[in-house]
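Reviewing the structure listed below.
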Amino acid sequence: MSLFDQVSNDIKEAMKARDKVRLNALRNVKKYFLEAKTAPGANDTLTDEAALKIMQKLVKQGKDTASLYKEQNRPELAEEEMSQALVIESYLPKQMSEEELTAALKAIMEQVGASSPKDMGKVMGIATKQLAGKAEGRVISAKVKELLQ
């Protein structure tokens, strides 16, 4: 079952269970999926890879928005954004632990021959492709910077 179909089925389940948070989050995801499917050149298809990228973007936006709400002393809105982000995050693959990320980045650094901060671009180019969906870009960047020091 594709991710699009799974989200569609889970919307029905959330309606039956009267789970408003889950329902709103999944409807928002489906809206973005439909926009991607109907975009010029998409040929009315949406791969699971593209769907995962959309979901990752939505989770990041939700967390960023929640932190903004916290800064503005709006805890009720922050809580709502975070809960929706957590619903979407449950569909994403498990994120790498810090130890796994460090090991993967050290292997990439050996492969490229990186030894100084000047080589960060080489490492980031490969790391972002290999670790896409397994770790956030800013986490990868921070760890690469730390390892190249």
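Only this structure's heavy atoms are used, side chains among them; waters, hydrogens and symmetry mates stay out.
- Closest of all the heavy-atom pairs between Leu148 and Met109 is CD2-CE, 3.3 Å.
- Two residues are said to be in side-chain contact when any heavy atoms from C-beta on lie closer than 4.5 Å; Val29 and Ile54 fail this criterion.
- Taking the side chain as every heavy atom from C-beta outward, Glu81 and Ser67 never approach each other to under 4.5 Å.
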task: Begin from the C-alpha positions of Glu76 and Arg74 and carry the test salt bridge (charged side-chain N to carboxylate O under 4.0 Å, His left out) through to its verdict.
output: CA-CA 6 Å; Glu76 70 285 352; Arg74 298 293 307 267; 2.9 Å; yes
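- A donor-acceptor pair is defined here as one N or O able to donate and one able to accept, closer than 3.5 Å; such a pair exists between the side chain of Thr65 and the backbone of Gln61.
- The pair Glu13-Arg22 does not count as a salt bridge, with every side-chain nitrogen at least 4.0 angstrom from each carboxylate oxygen.
- At least one side-chain heavy atom of Leu131 sits less than 4.5 Å from a side-chain heavy atom of Leu105.
- Exactly one residue among Val123, Val139, Ile108 makes a side chain to side chain contact (heavy atoms under 4.5 Å, CB included) with Val144. That residue is Val123.
- Surrounding NZ of Lys31 are more than 12 heavy atoms belonging to other residues, nucleotides or ligands, all under 6.0 Å away.
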Stepwise side-chain contact (heavy atoms from CB on, under 4.5 Å) test for Tyr91 and Val59: CA-CA 10 Å; Tyr91 289 86; Val59 168; over 6 Å; no
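- Of all heavy-atom pairs between Ser90 and Val87, the closest is OG-O, 2.5 Å.
- Here the side chain of Asp48 pairs a donor or acceptor atom with the backbone of Leu3 at under 3.5 angstrom.
- Side-chain contact between Asn9 and Met1 is present, with heavy atoms from C-beta onward closer than 4.5 Å.
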